[in-house]
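Below is one structure, written out as structure tokens; comments come after it.
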Amino acid sequence: MKPGIHPAYGPVVFRDRAANYAFLTRSTMTSDKTIDWEDGNTYPVVDVEVSHVSHPFYTGTARVLDTAGRVERFERRYGRRGAN
């Protein structure tokens with residue numbers, strides 16, 4: 001790697017405020033806010049709105065849309081075009 005052109009890569013805590021969950025990872029993101037972590041060190045913290053703990057897809061609460069039923073209902077209501 002070329003020196004001096006890459007951002008600093010270090011430990012950062014990402015905190016999901018909706019689920020009251022935080023995890024420590026490495027990232028190039030920075031923050032002025034810090035948090036005292038479980039290992040006794042202080043790390044920068046980045047607040048996020050959604051993580052794998054609160055996202056409906058990962059929690060299993062995602063709704064599946066019935067697109068086939070919608071198409072059939074549309075065809076019943078308005079009829080098929082070009083049927084003749």
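FYI, side chains are in, hydrogens and waters are out, and symmetry mates aren't considered; it's all heavy atoms of this structure. None of these values were measured; they are calculated from a predicted model.
The shortest non-hydrogen separation linking Asp16 to Glu49 is OD1-O, 3.4 Å.
The environment of Asp39 atom CG is dense: over 12 non-hydrogen atoms of other residues, nucleotides or ligands sit within 6.0 angstrom.
Considering Thr42, Leu24, Val45 as possible partners of Ile35, the one that fulfils the side-chain contact (heavy atoms from CB on, under 4.5 Å) test is Val45.
Under the 4.5 Å side-chain heavy-atom criterion for ILVMFWY residues, no single connected hydrophobic cluster contains both Phe23 and Tyr43.
Phe14 is listed as a side-chain neighbour of Ser27, based on a closest heavy-atom distance under 4.5 Å. Put simply, the side chain of Ser31 does not reach to within 4.5 Å of the side chain of Val12, judged on heavy atoms.
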